[in-house]
Amino acid sequence: MIGVLIATLLAMILYVVGVIITVSLSSASTSKVMKYGLTLFVVGYILTAVIFYFVLPAVTIPNMLFANLVIAVVFMSLLLFTIQAGEKIETKVKRPIVILFSAVIISVIVVVVAGFMSLEKAHQSITTSEEDEAEPLTKEETPITVAPEFARNKIQKSMSAVPNPQFYDLGKLQVQRVDEEVVYVAPVEFTGFFKYIRGKETAGYFTISATNVNAQPEFHDHEMKYTNSSYFSNYVKRVIYNQYPHYIQSGEAQLEVDDNGKAWYVQTLYRPMHITNNPNMDELRVVVIDPTSSEMEMFRPSDAPSFVEGSISSEMATVENNYFGKYIHGWLNSVFGKRDVKIPNASGSEKGVTPIFASNGEMFYFTDMTSPKENIDSALGYTLIHARTGELTYFGGEKNTAIMDSEGAKQIVNKQFPEKQWEGYMPVLYNIDGNPTWVVNVLDPNGLHKQYAYIKANDSDFAVFGDTANETLDAYRMALLQNPGNVGATDEANLTPVSGTVDRVLVTSTEEGQMVQFLLENDQTIYTVNASTVPRAIFLSSGDMIEAQVQEMDGNTATVEEMTIDQLTE
């Protein structure tokens, strides 16, 4: 309650100054003015405290100025009416009060204007870097292939594992790495006030793989008293507010699990910039709170305990994207000129962003950026925000411009299965062998996973669908190889040198050209090469010695990117 009481006291300052002015200048009895002034102060304080208890306004200059103005106008009007009922307000009292109120109104206007004018500074507070394109990514390096809608649907079907399941529903899903496995963590939350009264504590949380659509959810018995769905002093946001009322909380606290299976709530906060409520992205903080004891500690995002993947919440990442894209040259430019303005798409799986993991285990939030011009469905580039530091990297190189945006990728999936009403979810732009590629989950109307879609980002007609992530990736790579328009497109792939003696050869003709498949002695891998890439490959025969650079795939297959044939290739 301390934070609420402090905020309420600060919100009554203008009213108190008004009472002092009235006591000093009014011809009415001083004791009468003090009596009614004090009575209204107590009533106003209680009413304001009750409102603040539920609203939880951060103690910032804009919030407190506005609260002071509203409270003073209401209760000073009541005070003046009470001490001089039916009479005209004395000029010597009215004038200084009007001047005081006018000064506060002007201050509110100044703060609002300052808020708009400081948007560019908020943009500049973001730690940013720019790169042409990301390193080629593979499914191992970005393993989140399960859409949160599908994970939530599966967990809902397992709620019977929870004691008294009628008390609970699923809370916010949070993706993180636990014991080297990428999983979704979903707390069970109270379904309403009366269920909270009955239950007092939530039962625990679920985990489910974020990489395997066939995995089943696992319930973890872990009673939690301070949660997002608790009430009164057990509401986790209120607990944090009472400790840090001068910080603004970004979104809803998320549950993360340490290596021992203990759950913690993690909340991103920030102090506003100057006299505004705009965030200073360079001064973000994260609070880690124990949901059983309410003990908490504040850290800089990068200094949070190692098990915390998302020091920066998905809500904060969305705010960061907005400030980065819209306010590069300030507020006026974002409204009128819109020079260099980029608008983040809202196709992400979490509040407009999609979490992905790099090969080193670090988590990032992905968002593609599009033009503010209407009816433009191409992407300008994309951002990756480091989930522990908040550092934003913008990828806007030539290969990442003039490609379809995430909404366009979803529409391709939606149009593929109109009769089944399957739709695309969680589009993420991968750099697959040098080709910007949208990878999209395909879900049915019930949120059940059906397929994966790999869509070439600069060619809406180039789409490959499959049942598993591995199968679809291999089919997509094979399609790239077979398409003459993609010759040389995989130059950036991670290639493996291979040499040996040819054992068997098969040449087939397709619409895209001639394909050569061959086996090497003492090697079970099936190698495939497009004759457009290596023209002399069609003359390959058993016994030839070859040296090649190949892209290995699953299932003992590989595509040949470069090849020399002994005594045949110059």
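Remember, it's a predicted structure, so these values are computed and weren't measured experimentally. We use all heavy atoms of the structure for the numbers below, so side chains are in, but hydrogens, waters and symmetry mates are not.
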Query raised in the report: Are the side chain of Y365 and the backbone N or O of I312 linked by a donor-acceptor pair below 3.5 Å?
Result: yes

Requested in this report: Test side chain to side chain contact (heavy atoms under 4.5 Å, CB included) on V516 and V505 and set out the steps.
Outcome: CA-CA 7 Å; V516 180; V505 182; 4.0 Å; yes

**Report entry** Polar side-chain atom of K415 near backbone of V413 as donor-acceptor pair, under 3.5 Å
**Finding:** no

Query raised in the report: Should the pair F324 and H123 be assigned to parallel (<30°), tilted (30 to 60°) or perpendicular (>60°) ring geometry?
Result: parallel

Query raised in the report: Can you list every pair that meets salt bridge (charged side-chain N to carboxylate O under 4.0 Å, His left out) and has a residue in residues 308-335, with sequence neighbours left out?
Result: K172-E315

Report task. For atom CG of N522, decide whether the heavy atoms of other residues, nucleotides or ligands shown that lie under 6.0 angstrom number more than 12. Result -> no

Query raised in the report: Do V550 and L495 come close enough that some side-chain heavy atom pair is under 4.5 Å?
Result: no

Query raised in the report: Does Y323 have K121 sitting over its ring (NZ/CZ under 6.0 Å from centre, angle to axis within 45°)?
Result: no

Query raised in the report: What are the two closest heavy atoms between P305 and V288, and how far apart are they?
Result: CD-CG2, 4.0 Å

Query raised in the report: For the rings on F465 and F417, is their centre-to-centre separation under 6.0 Å?
Result: yes

Query - Reported CG-to-NE2 distance for the pair L119 and H329, which is rounded to 0.5 angstrom - result: 14.0 Å

Query raised in the report: Are Y454 and F462 an aromatic pair by the rule of ring centers under 6.0 Å?
Result: no

Query - Check: L519 main-chain N/O paired with D523 side-chain donor or acceptor under 3.5 Å - result: no

Query raised in the report: Which salt bridge (charged side-chain N to carboxylate O under 4.0 Å, His left out) pairs, counting each pair once, include a residue from residues 417-427, with sequence neighbours left out?
Result: none

Query raised in the report: Can you name the nearest heavy-atom pair linking R388 to A304, along with the distance?
Result: NH2-O, 2.8 Å

Query raised in the report: So, for T370 and D405, which heavy atoms are closest and what is the spacing to 0.1 Å?
Result: OG1-OD2, 3.8 Å

Query raised in the report: Looking at residues at least two apart in the chain, or sitting in another chain, which of them share a side-chain contact (heavy atoms from CB on, under 4.5 Å) with H220?
Result: Y205, T207, E218

